[in-house]
Amino acid sequence: MKFLRDTWLVFARQMQLMLRQPVWLIVGVVQPLFYLLLFAPLLKPALGVQTNAEAYKLFVPGLLVLLAMFGSLFTGFGLIAELRAGVIERSRVTPVSRLALLIGRSLRDVVSLLFQAALIVIIAVGFGLKVNVLDVLAAFALMAIISLMLSAFSYAISLKLRSEDALAPLLNTISQPLLLTAGILLPLTFAPTWLKRVADWNPFSWATDGVRALFAGDAGADSVWQAAVVIGGLTLITVVWASRAFARGVR
């Protein structure tokens, strides 16, 4: 019970801070909107589909995974600012659970992501996307797991590096190959064989396939449970590792 109470306190505080400065929430919505409005119209001829609805069923799931990746992977910059301001150091004198300090922050990132994702889906529906509500909720659950994993990873790395100058190039180096080999913007159906084999080692490729299956109305597809197993397992490992790094960072 103490852990849950501590997690809620940290989460509520982080949500309060975010709502005071909602610029990151707004930026997180605007960038995917550019893809939705400026890139998606090119997909119908590129994918050889007949309607905008078919194109959006392929593109929007990838866009949501993109949002989950980049909306969560760079959250560590805020933690570095807290380190510099002495917020983390002051946590040493509180009885708050060290794990709760991590999970409360990560849950804030999950809520922010799901809010942004809901707006993207609503706008896409206005452009012709047709999808079952239950399938969307299942896709959001998978995205929440992705967000939890990447925010925990970002916080752990930030505690080790403690510098924006070191964190930015590292995260960019990690994120670019993950993005390009995940089939996020375009499916890898027509990719060369070697690129497909590389994508098999990219967990976000599995996630993209799973979310696309859900948006296609095929919740029973193998790609859905495979994505849940792959992402869920990595999330568990990452949270355990990050919680240890977080505990060391505030002692």
Side-chain angles (χ1 to χ4, degrees), residues 2-11 13-14 18 65-84 87-92 94-114 141-179 181-182 198-208 210 225-251:
K2 180 181 182 301
F3 167 73
L4 294 178
R5 181 181 62 83
D6 290 349
T7 300
W8 169 254
L9 290 173
V10 175
F11 168 75
R13 174 60 176 166
Q14 291 299 314
M18 183 183 70
V65 175
L66 176 69
L67 183 64
M69 288 177 60
F70 285 85
S72 304
L73 190 58
F74 291 87
T75 54
F77 286 97
L79 185 63
I80 292 177
E82 288 185 318
L83 283 167
R84 187 173 294 113
V87 173
I88 303 301
E89 181 65 22
R90 288 195 294 271
S91 299
R92 294 173 57 190
T94 69
V96 175
S97 164
R98 303 311 187 228
L99 178 59
L101 290 172
L102 167 67
I103 299 300
R105 284 174 168 81
S106 293
L107 289 179
R108 182 273 314 270
D109 301 328
V110 170
V111 171
S112 172
L113 165 69
L114 294 180
L142 186 57
M143 291 173 56
I145 300 174
I146 295 173
S147 178
L148 179 61
M149 173 181 67
L150 290 180
S151 64
F153 173 82
S154 183
Y155 289 137
I157 292 296
S158 299
L159 283 169
K160 290 182 177 297
L161 297 180
R162 296 173 178 257
S163 167
E164 294 94 338
D165 293 336
L167 183 64
L170 175 63
L171 294 182
N172 282 321
T173 301
I174 293 172
S175 62
Q176 288 302 318
L178 290 176
L179 169 65
T181 59
V198 172
D200 288 341
W201 293 92
N202 184 348
F204 301 104
S205 174
W206 295 80
T208 303
W225 68 261
Q226 288 169 351
V229 169
V230 171
I231 298 299
L234 287 175
T235 299
L236 180 60
I237 294 171
T238 303
V239 168
V240 171
W241 170 67
S243 64
R244 293 177 178 176
F246 213 94
R248 290 193 297 269
V250 298
R251 271 207 294 259

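Note that this is a predicted model, so its numbers are computed, not measured.
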field: Closest heavy-atom pair and its distance - Ser243, Leu102
entry: N-CD2, 3.6 Å
query: Under 6.0 Å from the CH2 atom of Trp8, do we count more than 12 heavy atoms belonging to anything else shown?
result: no
task: Mind checking the CG-CG spacing from Leu73 to Leu171? Nearest 0.5 Å is all I need.
output: 4.5 Å
- prompt: For Leu107, what residues pass the side chain to side chain contact (heavy atoms under 4.5 Å, CB included) criterion, not counting sequence neighbours?
  reply: Thr7, Phe11, Ile103
- request: Enumerate the residue pairs fulfilling side-chain hydrogen bond (donor to acceptor under 3.5 Å, both in side chains) with a member in residues 163-172, sequence neighbours excluded, ordered by first and then second residue.
  value: Arg84-Glu164
message: I need the minimum non-hydrogen distance between Ala100 and Asp6, along with the two atoms involved.
response: CB-CB, 3.5 Å
Side-chain donor-acceptor pairs under 3.5 Å in residues 230-240, sequence neighbours left out?
from	atom 1	to	atom 2	distance (Å)
Thr235	OG1	Ile145	O	3.3
Thr235	OG1	Ile231	O	2.7
Thr238	OG1	Leu234	O	2.7

- line: Sorted by chain and number, sequence neighbours left out, side chain to side chain contact (heavy atoms under 4.5 Å, CB included) with Ile174 holds for Phe153, Leu170, Leu178
query: Going by heavy atoms in the side chains, are Phe70 and Leu179 under 4.5 Å from each other?
result: yes
- request: Please identify each residue that fulfils ring-ring contact (aromatic ring centres under 6.0 Å, His included) with Trp225, with sequence neighbours left out.
  value: none
message: Donor-acceptor pair, distance only, cut-off 3.5 Å: does the side chain of Arg162 make one with the backbone of Leu159?
response: yes
- request: Rounded to the nearest 0.5 Å, what's the gap from CD on Gln14 to CG on Leu101? Could you check?
  value: 9.0 Å
task: Would you indicate whether the side-chain heavy atoms of Trp201 and Thr181 approach each other to under 4.5 Å?
output: no
field: Nearest-0.5 Å distance that lies between atom CG in Leu148 and atom CG in Leu113
entry: 11.0 Å
- line: In this structure, CD of Glu82 is separated from CZ of Arg105 (nearest 0.5 Å) by 4.0 Å
- line: On a heavy-atom basis, the closest approach of Gly210 and Ala227 is CA-CB, 4.2 Å
- request: Would you mind listing every side-chain hydrogen bond (donor to acceptor under 3.5 Å, both in side chains) that reaches into residues 146-161, with sequence neighbours excluded?
  value: Ser72-Ser147, Ser106-Ser151, Arg108-Tyr155, Asp109-Tyr155
- prompt: Out of curiosity, Met69 CE to Ile146 CD1, how far, rounded to the nearest 0.5 Å?
  reply: 8.5 Å
